[in-house]
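Basis for what follows: all heavy atoms, side chains included, without hydrogens, waters or symmetry-related copies. It should be emphasised that the depicted structure is a prediction, and the values quoted were computed from it without experimental measurement.
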Amino acid sequence: MKTLTRRRVLRGILQGGAVTVGLPLLNCFLNDNGNAYADGTPLPIRYGTWLWGLGMSKNVFVPKKTGLGFDLPEELVALKNVRDQINLYTNLTAFRDGAFFCHFTGWMVFRSGTSPTVANQAPAETLDVIVANQIGRTTRFKNLTATATGDVRTVVSYENPNTPNSPEFSPVNFYKRLFGPDFQDPNAPTFAPSPLIMARKSALSAVSEQIKGLEKKVGAEDRQRLDQYFTGLRHLEQQFDHQLTKPEPRAACVLPKAPAEDPKLGNEASLVAERHKIMTDLLVMAVACDQTRVFNMAYSNAQANTTKPGYEKPHHTTTHEEPTDAQLGYQPNASWFLRRSMESWAYFVEAFNSVKEGDGTLLDNCLIMANTDVANARIHSLEEMPAFTAGKAGGRVKTGLHIDCKGAQGTQLGFTTMKVMGLDIPSWGTKSNQASKVISEMLA
């Protein structure tokens, strides 16, 4: 018998059409350590982001201890079970470089490397797109973005300044997109290429020569627009190729149950948490099934309008109007909202960590960056900003650390995560936010 490999399939004809029967992910397909395929091909490393709005209450958020085994102040208590799977970064700075837009400049600097000059418009592509162009072209979706706000306007990803990636906000629609008719189950006993996908690919291929001719007839500015447009079409072709090829077995991939209906809309904290939970579970399984290797989740928008039962003001208004409690040293209701954010961040991390993959977990083969828009929301401060990462990126990143960044550019974190993901770039960002130094403490 020929050598058994993970690409071995049984081939045949069913009702006149070619089918293949794949094999499950057997132990013999992995190396002795269970962290790579037997032929040396490593398990894929994924990249993600997570956003929460309105910063922190420094007195009850920033640990007193740095390094391993850091303490968990009141606003971080929810992270008790995931502390060893995350890193906390404090004392990061987003430099304004002139213009300043409340609740937008801060998180946009972290995501694009550049301080925006126009409100609500990205100055450059976001880092998830940069990474996706490197590692996301062989999956069905180059990247995926979801939100718990129930609002399509919660945009956290941009292909370029003029092209936002709209988030999935409906669990029912998100499920249909991920696991509907176009989904190819990697563990299914048979595989038959979708005629619809074949037709779509043929249609794109049929106009490829016309595309080349058209580019020669237009000016430089239109050529740039066409290039962006046709780059998207080329990504589609690559995704179609992926869907026309028998996917490799994925032991962690289990078809989730379809949501019967979308959860109730509303900004009450428990409703946001429920939407976040459902969207997270779908996103985790999309990653486990290798439908994408780059993803984003927004717990809230930057100007979070989450509400608290029995309290009349939403989160954003609370940060500006609630007085600081003299005894506590912080705004108690504003802090209540932040604690709900951290509970959902903990759930997000645990969801990835609960899926077994190889000799570890799905989270072990991820690197997820979480950031916010400000440090102190009451004064819109962009100094002393916090951020997190979760996951070990296949052993490339240490976890369980609190790292005091001592005022460093927030872009250092994004630059470091991109370097971890294999991008060969000497620096990232512009003007005061240009970073060329990695956060070495996090690197394994």
Side-chain angles (χ1 to χ4, degrees), residues 44 46-52 78-79 81-82 85-86 128 139-141 143-152 154 156-157 165-188 247 250-266 268-300 306 340-358 360-370 388 390-391:
R46 294 76 161 203
Y47 185 79
T49 72
W50 195 88
L51 181 79
W52 85 95
L79 304 181
N81 292 335
V82 300
Q85 283 77 47
I86 65 173
D128 63 294
T139 53
R140 181 183 171 198
F141 301 106
N143 59 350
L144 287 171
T145 300
T147 179
T149 63
D151 190 342
V152 71
T154 307
V156 296
S157 172
N165 289 318
S166 298
E168 295 288 346
F169 63 94
S170 158
V172 169
N173 290 340
F174 197 28
Y175 181 90
K176 290 177 181 176
R177 184 182 178 198
L178 295 174
F179 303 107
D182 288 342
F183 173 63
Q184 298 283 7
D185 187 344
N187 300 318
R250 299 280 172 182
C253 179
V254 179
L255 187 66
K257 184 179 178 181
E261 59 183 4
D262 283 333
K264 181 181 177 183
L265 287 176
E268 199 273 305
S270 64
L271 297 178
V272 175
E274 179 62 18
R275 284 196 299 271
H276 179 271
K277 178 180 182 296
I278 297 171
M279 298 298 273
T280 293
D281 292 347
L282 292 174
L283 187 58
V284 166
M285 199 45 59
V287 175
C289 295
D290 204 35
Q291 296 208 69
T292 191
R293 295 181 184 176
V294 181
F295 53 91
N296 306 287
M297 171 64 78
Y299 165 78
S300 66
T306 317
R340 305 294 80 76
S341 301
M342 291 300 100
E343 287 171 1
S344 285
W345 169 233
Y347 183 88
F348 195 73
V349 175
E350 287 182 292
F352 278 90
N353 199 45
S354 67
V355 177
K356 188 179 185 306
E357 185 174 65
T361 71
L362 186 61
L363 182 66
D364 291 332
N365 292 314
C366 289
L367 180 58
I368 305 169
M369 185 188 87
F388 296 94

**Prompt:** Considering only heavy atoms from C-beta outward, does the side chain of D281 approach that of P256 to under 4.5 Å?
**Reply:** no
**Asked** Quick one: salt bridge (Lys or Arg N to Asp or Glu O under 4.0 Å) partners of D151, sequence neighbours excluded?
**Response** R153
**Chi angles and distances behind the side-chain contact (heavy atoms from CB on, under 4.5 Å) call for R140, D182** = CA-CA 10 Å; R140 181 183 171 198; D182 288 342; 3.3 Å; yes
**Request:** Working to the nearest 0.5 Å, report the span between CG of N365 and CZ of R293.
**Result:** 10.5 Å
**Message:** Looking at every heavy atom in both Q291 and L178, which two are closest together, and how far apart are they?
**Reply:** NE2-O, 2.9 Å
**Request:** Scan side-chain atoms only and decide if D128 and S157 contain a donor-acceptor pair under the 3.5 Å cut-off.
**Result:** yes
**Prompt:** Measuring from T147:OG1 to M297:CE, what's the distance to the nearest 0.5 Å?
**Reply:** 7.5 Å
**Item:** Over 12 non-hydrogen atoms of neighbours within 6.0 angstrom of NZ in K264
**Value:** no
**Message:** Quick check: closest heavy atoms across T306 and A269, and the distance to 0.1 Å?
**Reply:** CG2-CA, 3.6 Å
**Message:** Which heavy atom of P171 sits nearest to which heavy atom of I278, and what is that distance?
**Reply:** CB-CG2, 3.6 Å
**Message:** How long is the straight-line distance from OG of S166 back to CD of E168, given to the nearest 0.5 Å?
**Reply:** 9.0 Å
**Polar side-chain atom of D364 near backbone of T361 as donor-acceptor pair, under 3.5 Å** = yes
**Prompt:** Any side-chain heavy atom of F174 within less than 4.5 Å of one from L283?
**Reply:** yes
**Fill in**
In this structure, OH of Y47 is separated from CD1 of I368 (nearest 0.5 Å) by 10.5 Å
**Asked** Any side-chain heavy-atom pair from V272 and R340 closer than 4.5 angstrom?
**Response** no
**Request:** Measure across V82 and A346 and return the closest heavy-atom pair with its distance rounded to 0.1 Å.
**Result:** CG1-O, 3.9 Å
**Item:** A252 to A288 - nearest heavy-atom pair and separation
**Value:** O-CB, 3.9 Å
**Message:** Could you walk me through whether K257 and Y175 satisfy the side-chain contact (heavy atoms from CB on, under 4.5 Å) test, starting with their C-alpha distance in whole Å, then the side-chain angles of each, then the deciding distance to 0.1 Å, before giving a yes or no?
**Reply:** CA-CA 9 Å; K257 184 179 178 181; Y175 181 90; over 6 Å; no
**Item:** Heavy-atom donor-acceptor pair, S344 side chain to S341 backbone, under 3.5 Å
**Value:** no
**Message:** Holding to disulfide bond (SG atoms under 2.5 Å apart), I want the full list of residues that pass it with C289, two or more places apart in sequence or in another chain.
**Reply:** C253
**Asked** Under 3.5 Å, is there a donor-acceptor pair between the side chain of Q85 and the main chain of V349?
**Response** no
**Asked** Could you give the distance from CG (L362) to CE (M285), rounded to the nearest 0.5 Å?
**Response** 8.0 Å
**Check: W345 and L79 side chains under 4.5 Å, non-hydrogen atoms** = yes
**Asked** Does N165 use its side chain to pair, donor to acceptor, with the backbone of L144 at less than 3.5 Å?
**Response** no
**Request:** Taking salt bridge (Lys or Arg N to Asp or Glu O under 4.0 Å) as the test, write out the residues that go with R275, two or more places apart.
**Result:** none
**Item:** Side chain to side chain, R250 and P44, heavy atoms closer than 4.5 Å
**Value:** yes
**Message:** Contact between Y347 and Y299 at the side-chain level, heavy atoms closer than 4.5 Å - yes or no?
**Reply:** no
**Asked** Are side-chain heavy atoms of V287 and T292 found at a separation under 4.5 Å?
**Response** yes
**Message:** Taking the ring centre of each residue, are F295 and F352 less than 6.0 Å apart?
**Reply:** yes
**Asked** Relative to the ring of F179, is the ring of F183 parallel (under 30°), tilted (30 to 60°) or perpendicular (over 60°)?
**Response** perpendicular
**Distance-minimising heavy-atom pair for M279 and A146** = CE-CB, 3.9 Å
**Prompt:** Does V172 offer a backbone N or O that forms a donor-acceptor pair with the side chain of D262 under 3.5 Å?
**Reply:** yes
**Complete:** Taken to the nearest 0.5 Å, the spacing of R46 CZ from N143 CG works out to 15.0 Å
